[in-house]
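Residues take their numbers from the sequence shown, with the count starting at 1.
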Amino acid sequence: MIIHIDMDAFFASVEQMDNPDLRGRPVIVGGSSDRGVVSTCSYEARAFGVHSAMPMVVARRLCPQAAIVRGRYQRYTELSHAIMSALKDFSPLVEPASVDEAYMDATGLERLFGPLEELVAAIKARVVDVTGGLTCSVGAAPVKFLAKICSDINKPDGVFILRQEEMDVFLCALPVGKIPGVGKRTVQNLQDLGVRTVGQLRRFSPDFMERRFGKWGLALYERAQGRDSRKVETEREAKSESAECTFAEDTRDRDFLQRMLMAHAERVGSSLRRHGYRGRTITLKVKFCDFRQITRSRTLEQPVNATETIFETGCRLLAELPLPQPVRLIGLGVSGFDAPPGQLFLPGTGKAAGQKLDPQVEAKRQKLDAALDSLREKFGKQAVQRGRLFTLARQQDAPERVNNGKGDGVEQPPEDGGRNNQGRTP
């Protein structure tokens, strides 16, 4: 059996725990301006229809009496560390999925902690103890994706255990939208086929699912049969690193957008170098004023982590992109860390056939980055700055969200005034 532990309205619950005046009141964590976005909210606010990722202006209209609180991400990380450490007292096989959720392999633990129900009760009590009063919801099932679904059934402070012999009946009645990874577009495509439950989805063959939905169709077919081969992994390699921000005002100013890309490239490049990663694929993300979002990617011949190279590639992608509407958000990311290494070239040998990067230029950029990283580590992040960023007059124009693709650390939400999951495992 695999257990999924999910903290209840984590950020908002922390604020209510630390500030008694907020207890029992609707609380929204996020940016306070109309451009802000809800990071999370208490269950009192959810009763009014507020939910995460909702524009703050909508949340305030739905629940005008709510207390809006800016997130304290250092505090959330501190508690996340305590929670993950406590879970490892029960099993060494604990996989943090994000700052507020984790998987645990419960195989064989009954010999130490008794029946599964007793183990789950002990886990919940331990979480309350180490956090000072926070509750979590727990789901248990034979496979990962079902454990995650189960933890959401009796929220908040709930438990749902799905046994092997109950899986088939449970799955047949399950709405397809409850399967992790199935979004609104996939739900609509499935509804066009007359599919609303997993039982109806089982009518289709794996060949049909692959033709209709690609590789994801095969994975969806497996989920419909109750199969999920993923194990609980205590260590996970990062798959991507990215940064993004929402602007105080929508803009078509390409010079400004390029400066933002430099700020993103600085943050992403620095994090890549700190963790020893290089990636080949650079991805530009743009969200327009109507919330339509697009991405454009380019794969380089060699994996990189040089700030200037990431920036230049992002700028080329931006230059090729028409801006039919003003831009609300821009982001820049690097992925492809597991790409096979290519041939390296010594300085002075010039570009090889098909080689996109000049090794001499890359060597200079790496030396510059190393010097800047060293200065910032010794004297602080603001000790030295690239000239292109001097025109970013206000701190809120800098990117706030960095995501290393591992589901750990704290992914800061979009904030107001031009600020926007994947650090080390909590």
Please indicate whether K155 has more than 12 foreign heavy atoms, meaning atoms of other residues, nucleotides or ligands, lying under 6.0 Å from its NZ. yes
Do other residues, nucleotides or ligands put more than 12 heavy atoms under 6.0 Å from the CD atom of E249? no
Any non-hydrogen side-chain atom of [X] less than 4.5 Å from a side-chain atom of [Y]?
X    : Y    : result
K124 : C136 : yes
F288 : I294 : yes
E95  : K144 : yes
M209 : L201 : yes
R376 : E266 : yes
Q65  : P26  : yes
S270 : R267 : no
R296 : L318 : no

What is the distance from atom [atom1] of [X] to atom [atom2] of [Y], rounded to the nearest 0.5 Å?
X    : Y    : atom1 : atom2 : value
I161 : L116 : CD1   : CG    : 4.0 Å
E101 : S137 : CD    : OG    : 11.5 Å
D369 : E362 : CG    : CD    : 9.5 Å
L272 : R278 : CG    : CZ    : 10.0 Å
I2   : Y103 : CD1   : OH    : 8.5 Å
L119 : L109 : CG    : CG    : 5.5 Å

Given the rule in the side chain to side chain contact (heavy atoms under 4.5 Å, CB included) test, do K88 and T234 qualify, once you have shown the distances and angles that lead to the verdict? CA-CA 10 Å; K88 291 177 183 177; T234 56; over 6 Å; no
According to side chain to side chain contact (heavy atoms under 4.5 Å, CB included), who are the partners of N189, at least two apart in sequence or on a separate chain? R185, D192, F213
Please determine whether side chain to side chain contact (heavy atoms under 4.5 Å, CB included) holds for the pair C245 and H264, giving the CA-CA distance in whole Å, both sets of side-chain angles, and the decisive distance to 0.1 Å. CA-CA 9 Å; C245 66; H264 293 333; 3.7 Å; yes
Minimum heavy-atom separation for [X] and [Y], please, with both atom names.
X    : Y    : result
L79  : V14  : CD1-CG2, 3.6 Å
L317 : R298 : CD2-CB, 4.0 Å
V38  : A59  : CG2-CB, 3.7 Å
A141 : C150 : CB-SG, 4.4 Å
A66  : I28  : CB-CD1, 3.7 Å
S297 : T283 : OG-OG1, 2.8 Å

Please evaluate residues F247 and I330 with respect to the criterion side chain to side chain contact (heavy atoms under 4.5 Å, CB included), reporting the C-alpha separation (whole Å), side-chain torsions for both, the decisive distance (0.1 Å), and the verdict. CA-CA 8 Å; F247 307 137; I330 195 165; 3.4 Å; yes
Do side-chain atoms of [X] reach the backbone of [Y] as a donor and acceptor pair under 3.5 angstrom?
X    : Y    : result
T186 : V182 : no
S42  : A12  : no
H4   : D152 : no
S242 : G333 : no
D228 : V143 : no
R365 : T307 : no
S80  : V99  : yes
Q225 : Y221 : yes
R23  : Q16  : yes
R273 : N305 : yes

Establish, from distance only, whether the side-chain atoms of D8 and T135 form a donor-acceptor pair under 3.5 Å. yes
Do the side-chain N and O atoms of T299 and T281 include a donor-acceptor pair separated by under 3.5 angstrom? yes
Short N-O contact, [X] and [Y], less than 4.0 angstrom:
X    : Y    : result
E15  : R72  : yes
K148 : D6   : no
D129 : R126 : yes
E377 : R274 : no

In terms of relative ring orientation, are Y76 and F10 parallel, tilted or perpendicular, with 30° and 60° separating the classes? tilted
For the residue pair H275 and Y277, does the interplanar ring angle fall in the parallel (under 30°), tilted (30 to 60°) or perpendicular (over 60°) class? tilted
Ring of F256, cation from R259 - is the NZ or CZ under 6.0 Å from the centre and inside 45° of the axis? no
Decide yes or no on side chain to side chain contact (heavy atoms under 4.5 Å, CB included) for I5 and I83, but give the supporting numbers first. CA-CA 10 Å; I5 301 98; I83 294 165; 5.5 Å; no
Tell me, please, which residues at least two apart from F113 pass ring pair (Phe, Tyr, Trp, His ring centres under 6.0 Å). F90
